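I have placed the structure first, in the form of structure tokens, so that the comments after it can refer back to it.
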Amino acid sequence: MTRTPLVAGNWKMNGRLDMVEALGASLGGLRNSRAEVAVCPPFPYLAALASALGGSGVQIGAQNVSSHEDGAFTGEVSAEMLADMGCRYVIVGHSERRALYGEDDELVGEKFLRAQQGGLIPILCVGETLREREAGETEQVVVRQVSSVLDVAGIGAFDQAVVAYEPVWAIGTGETATPEQAQEVHARLRSALAAEDASVASRIRLLYGGSVKSDNAALLFAQPDIDGGLIGGASLSADEFSAICLAAE
Ligand SMILES: O=C[C@H](O)COP(=O)(O)O
């Protein structure tokens, strides 16, 4: 099965308008023969980024979405609104939202469903904490996080989804999972999906995230079950992010 790699940049709560315009213009010039590239800026910059990227083919995505469609939910942003802004992707279940904003598996499942109902492709993030890894619970945790979404959305929904394995201990720490550690978890995730539907499992893209840089991306992306990356800090530099995208070819 040949899967088109995806490299998605998650800017988190970083950037200002001048950076958005400069980075967007620079990434708009990115010519990448094989990998799909997406950038997820903060909500207020979606339109400016889309405009700076022009017709480059680089996709835009959001970092969060409401679990509701419309209504009295002050401060929330719906999937339909994001689709209106040109978003193709939305990140759901990022560990920062789980840890800092109390998003549990149930809410993540609701957001995943709503994203798809609103026409977006969810990038579902899963990953274990350092304590969980040290306790030997990594596979149990990531399979639970995926299974809770499978329970509400069904395996068919994963044909229009991406899963990102992001070990919490590797996010923003400079400590990357080794290619072997990451591949082991990716293979386990793919086998958990294959238990439901082998063909969906063979098609879905599984990204790795956690301190991916231009100097470690190629080895990670060369693993058989790693289909690209979800990039945080390094996506804020045009040179660094471009080099990571090229490593996914
Ligand atoms: O969504 C991206 C991840 O949290 C990875 O962030 P990082 O590349 O800064 O470690």
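A quick note: this is a predicted structure, and the numbers were derived from the prediction, not measured. Atoms within each ligand, like the ligands themselves, are counted from 1 in listed order. Positions are given from 1, in the same order as the sequence printed here.
- Considering backbone and side-chain atoms together, L230 places no N or O closer than 3.5 Å to any N or O of ligand 1.
- Considering backbone and side-chain N/O of N10, one or more are found under 3.5 Å from N/O of ligand 1.
- No option in E134, E128, E132 other than E128 meets the side chain to side chain donor-acceptor pair (under 3.5 Å) test with W169.
- Side-chain contact annotation: E21 with Y45, donor-acceptor N/O pair under 3.5 Å absent.
- At a 3.5 angstrom cut-off on N or O pairs, T173 does not count as close to ligand 1.
- Remark: the backbone N or O of A201 is paired with a side-chain donor or acceptor of R190 at under 3.5 angstrom.
- Residue G232 has at least one nitrogen or oxygen atom sitting less than 3.5 Å from a nitrogen or oxygen atom of ligand 1, judged on distance alone.
- Taking a cutoff of 4.0 Å between a charged side-chain nitrogen and a carboxylate oxygen, R114 and E80 qualify as a salt bridge.
- Residue contact annotation: K12 has a non-hydrogen atom under 4.0 Å from ligand 1.
- Defined by atom type and a distance below 3.5 Å, a donor-acceptor pair is missing between the side-chain atoms of S147 and R144.
- N216 places a side-chain N or O within donor-acceptor distance of the main-chain N or O of K213, the cut-off being under 3.5 Å.
- Using a 4.0 Å cut-off to heavy atoms of G210, the atoms of ligand 1 that qualify are 5 (C), 10 (O).
- For A170, the heavy-atom gap to ligand 1 drops under 4.0 angstrom.
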What's the verdict on side chain to side chain donor-acceptor pair (under 3.5 Å) for R188 and S191, showing C-alpha distance, side-chain angles and the deciding distance? CA-CA 5 Å; R188 181 69 190 89; S191 80; 3.0 Å; yes

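- Put simply, the side chain of Q145 gets close to the backbone of G127: a donor and an acceptor are under 3.5 Å apart.
- Under a 4.0 Å criterion applied to the non-hydrogen atoms of G172, ligand 1 contributes the atoms 7 (P), 9 (O), 10 (O).
- Shortest contact from atom 3 (C) of ligand 1 to any protein heavy atom: E166 OE2, 2.9 Å.
- Every atom of ligand 1 with a heavy atom of I171 under 4.0 Å away is listed here by number and element: 4 (O), 6 (O), 10 (O).
- Annotation: G233 places an N or O atom under 3.5 Å from an N or O atom of ligand 1; distance criterion only.
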